[in-house]
Amino acid sequence: MDFPQRLAEAVAACCGLEAAVLQNMIEIPPESNMGDFALPCFRLAKTLRKAPPVIAADICQNTSLPDFVQRAEVVGGYVNFYVKPNAYAKAVIQAVRENGENYGGSDEGAGRNVCIDYSSINIAKPFHIGHLSSTVIGHALYRIYQHMGYNCVGINHLGDWGTQFGKLIVAYKRWGNKAQVEQGSIRALLDLYVRFHEEAEKDEYLNDEARAWFKRIEDNDEEALELFEWFKSLTLKEVSRVYDMLGIAFDSYAGESFYNDKMSRVIEELEEKHLLKLDNGAYLVDLSEYNMPPCIVLRSDGATLYATRDIAAALYRKDTYDFAKCLYVVAYQQDLHFRQWFKVVELMGYPWAKDLVHVAFGMVSMQDGTLSTRKGKVLFLEEVLNAAVEKTLEVITQKSPDLTDKPAVARQVGVGAVVWNALYNSRIKDVVFSWDKALNFDGETGPYVQYTHARCCAVLRKAEVADIPESLNYELLSDENAMRVVRAMGDFPRAVREAAEKNEPYLVSRAVVAVCQAFNKFYYEQRIIGEEESVQTARLALTAAARSVISTGLYLVGLAAPERM
RNA sequence: GCGCCCGUAGCUCAGCAGGAUAGAGCGUCCGCCUCCUAAGCGGAAGGUCGCGCGUUCGAAUCGCGCCGGGCGUGCCA
């Protein structure tokens, strides 16, 4: 349980209010002279039918304060709580020690399953910068939910079906050859794809030919299927390089083709439940009552659509994983699509429709316009990661020439810079890709956090103290700089809980930065090694705790925590 | 046209289940390495919170209306 929660319980116990309500009302005052936690009582005025200052006074008088709180004070409609520095430092540091890498976690999930649909790349198309958000947000949420006690199922819903395969086969047979594709992999496929679109502008017939080839895939034609599988395995092999760099692995790669034989069930069920309407040859679910355009599930030529497949996948996932929640980490462009088919699932009578969540994020564009796969205007994610690693290597060579294993550290930090960048703001913001920003290592960046971690490690290493004793004089950590570190660490669990609640990884990123900023200030102002023994011990304990929280925070957003850099 | 989202410092963004004097990073300017990693730390300058009206004891935060931008809007995904 985190500290605001413990405080909320204490207040709840003597006021007859609900702790769950109170815990989200507790805030951190803008100024340190106003205390460490505050409870604004204004919102309680309506339910309790008393004036806020009166409520504040009641709470102040009647609450038996938790051990880490020294006193409470009424200021206007607020109750300000002042922590007992040594007791709070003790409570926080011990909590970090006891929980280790699980600090900030909980058992809220109780082993229930959460499906997370993320990254979801297209086969035979480049893994480009536009896929970064879904990939890293999904991965961070995976770890955050795990931290909260859920069992996560990471699903890469591959785009491995559709006419683009017909186009590719046509292009391959006309202008490609085996050796060239084997060697160039996705880049060669992309060239073929671009060539197809160029040629198809002049020759309409190519599109018919492409459709015919796709039909042959659908009909299990041997040659077509062989090429299809070949393109797929080439792509998966290639993208695994990027996933390896990011440290990401999926539990399932069940994508579009996987659901080919599972869509008739959807149509039949919709029919049975009298939800289908025939309109101009197409079958759809009317949603005008909900102020939405209809959800088309069967085209007039009999083909299924995106929505049909998503409904089939949701049914399958519910059957297979019995999820408590199913997250779709997909760009906000598809907001309407998700609202439509979520509604359809609800109309089908499934109460778990409410557990389907579209985790939307903003779009990435280039300074000179949007990305276009068809024209070959893409920035490969791997290219960005490699550039970041390369730059990191230069920085290391310059700043830490003696570092052993430079390439490994450069990978951790370079990749970390790019990933961090995508996880530092709320998801919904659009992003214009900029090399300057992706490769910035100063300020509130991944490398800054990793640097602080390495700095903590350096102190602990140089102190050459085998074990920091359990019992230490926490009084020695009551100075403002040390207490800032304590407060930042104490706030961390709340941030993780909220990040899971809101599906917003940046809340974790920012909480970690707060710990780093506090620690760096502490480090600059206070000497750690070489002080009188009890002081050194206390400060080492603080350093060890900070290192641990930073390491956990980095893990949760998917970054490595190098010990030297 | 309609729907969803965004608009806070020069730039990028926090803050928005209303609450205490609106914060951070970058950039600019000025300081700090004979001392545990300067990828660091400190300071200065910089804001009619897009505009208006309303609700409220109190609005960056809630409602309505504008303005500006992005996305979407029946057989792509």
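- For the residue pair A/N425 and A/R510, a side-chain donor N or O sits within less than 3.5 Å of a side-chain acceptor on the partner.
- Among the atoms of the strands shown, base atoms are found under 4.0 Å from some heavy atom of A/V413.
- Ion pair A/K391/A/E394 not flagged as a salt bridge, since none of the NZ, NE, NH1 or NH2 atoms sits closer than 4.0 Å to an Asp/Glu carboxylate oxygen.
- A/L305 comes within contact range of the sugar-phosphate backbone alone, with a heavy-atom separation under 4.0 Å but no base atom that close.
- Residue-level contact check: A/Y306 touches the bases, meaning some heavy atom is under 4.0 Å from a base atom.
- Of the candidate nucleotides B/rC41, B/rA20, B/rU21, B/rA20 has the atom lying nearest to any side-chain atom of A/E27.
- Under the 90° criterion around 0 for the glycosidic angle, B/rC57 counts as anti.
- In B/rA17 the base sits syn relative to the sugar, since the glycosidic angle is no further than 90° from 0.
- Both tests hold for A/K262 against A/F258: distance to the six-membered ring centre under 6.0 Å, angle to the ring axis within 45°.
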Atom pairs, protein N/O to nucleotides 43-45 of chain B N/O, distance under 3.5 Å:
none

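- The stretch residues 327-344 of chain A touches RNA chain B through A/Y332, A/Q333, A/Q334, A/D335, A/L336, A/R339, each having a heavy atom within less than 4.0 Å of the strand.
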Using the 3.5 Å cut-off, write out each protein N or O paired with an N or O of nucleotides 60-63 of chain B and the distance between them.
none

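- Neither side chain, A/D442 nor A/Y451, offers a donor N or O lying under 3.5 Å from an acceptor on the other.
- Judged by distance alone with a 3.5 Å cut-off, a donor-acceptor contact links the side chain of A/N80 to the base of B/rA20.
- If you find the closest nucleotide of RNA chain B to A/F42 and to A/N280, the one lying nearer the 5' end belongs to A/F42.
- Taking atom NZ on A/K406 and atom P on B/rA39, their separation rounds to 15 Å, with Å as the unit.
- Pairs passing the ring pair (Phe, Tyr, Trp, His ring centres under 6.0 Å) check and including a residue from residues 404-431 of chain A, sequence neighbours excluded, read A/W420-A/Y424.
- For the side-chain contact (heavy atoms from CB on, under 4.5 Å) test, residues two or more places apart in sequence or in another chain that qualify with A/I296 are A/A282, A/L284, A/L305.
- Annotation: side-chain contact (heavy atoms from CB on, under 4.5 Å) contacts of A/R411 (sequence neighbours excluded): A/M245, A/V389.
- When distances run from any side-chain atom of A/V75 to the nucleotides B/rA39, B/rA17, B/rA20, the shortest one goes to B/rA20.
- If you check every strand for non-hydrogen atoms under 4.0 Å, A/N122 touches nothing.
- Contacts of A/A200 classified as side-chain contact (heavy atoms from CB on, under 4.5 Å), with partners at least two apart in sequence or in another chain: A/F196, A/L206, A/N207.
- Between A/Y193 and A/H197, the two ring planes are perpendicular [angle over 60°; tilted spans 30° to 60°].
- A/P40 comes within contact range of no nucleotide atom at all, as no heavy-atom separation falls under 4.0 Å.
- More than 12 heavy atoms of other shown residues, nucleotides or ligands fall within 6.0 angstrom of atom CD in A/Q334.
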Quiz: residues 522-529 of chain A side-chain donor-acceptor pairs under 3.5 angstrom, not counting sequence neighbours:
unit_1, atom_1, unit_2, atom_2, d
A/Q526, OE1, A/N481, ND2, 3.2
A/Q526, NE2, A/D479, OD2, 3.4
A/R527, NE, A/I529, O, 3.1

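- Residue A/N520 has its side chain nearest to B/rG40 when only B/rG40, B/rG74, B/rA20 are considered.
- Against RNA chain B, the stretch residues 429-437 of chain A makes heavy-atom approaches under 4.0 Å through A/K429, A/D430, A/K437.
- With no hydrogens or angles considered, a side-chain donor-acceptor pair links A/D286 and A/S288 at under 3.5 Å.
- With salt bridges taken as basic N to acidic carboxylate O contacts below 4.0 Å, none links A/R487 and A/D491.
- When each of A/D442 and A/Y506 is assigned the nucleotide of RNA chain B with its nearest heavy atom, A/Y506 is the one assigned upstream, toward the 5' end.
- Taking atom C1' in both B/rG40 and B/rC4, one finds a spacing of 43 Å when rounded to whole Å.
- At a cut-off of 3.5 Å, with distance as the only test, a side-chain donor of A/N260 or A/R309 sits close to an acceptor on the other residue.
- Side chains of A/D160 and A/S257: a donor on one and an acceptor on the other come within 3.5 Å.
- Nearest nucleotide to the A/I428 side chain, out of B/rC6, B/rG40, B/rG74: B/rC6.
- Figure legend: cation-pi geometry between A/R71 and A/Y82, with NZ or CZ positioned under 6.0 Å from the six-membered ring centre and within 45° of its axis.
- Looking at the side chain of A/R510, the nearest of the listed nucleotides B/rC71, B/rC13, B/rG18 is B/rC13.
- The list of ring pair (Phe, Tyr, Trp, His ring centres under 6.0 Å) pairs with a residue in residues 275-308 of chain A, not counting sequence neighbours, reads A/Y306-A/H337.
- The cationic atom of A/K232 (NZ for Lys, CZ for Arg) does not lie both less than 6.0 Å from the six-membered ring centre of A/Y253 and within 45° of the ring axis.
- Remark: RNA chain B forms stems of 3 or more consecutive Watson-Crick or G-U wobble pairs, all pair distances under 3.5 Å, at B:1-7 with B:67-73, B:10-13 with B:23-26, B:28-32 with B:40-44, B:50-54 with B:62-66.
- Between A/E480 atom CD and B/rC41 atom P the separation is 17 Å, expressed in whole Å.
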| Are A/D405 and A/R564 close enough, and set up right, to give a salt bridge (charged side-chain N to carboxylate O under 4.0 Å, His left out), and what steps lead you there? | CA-CA 10 Å; A/D405 212 4; A/R564 299 168 203 253; over 6 Å; no
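- Checked for salt-bridge contact, A/R494 and A/E498 meet the test: a charged N lies under 4.0 Å from a carboxylate O.
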| request: Between protein and nucleotides 28-38 of chain B, map the contacts as a letter string: B base, S sugar-phosphate only, - none, heavy atoms under 4.0 Å, written 5' to 3'. | output: ----B--SBBS
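- Counting non-hydrogen atoms under 4.0 angstrom, A/A463 reaches nothing in the nucleic acid.
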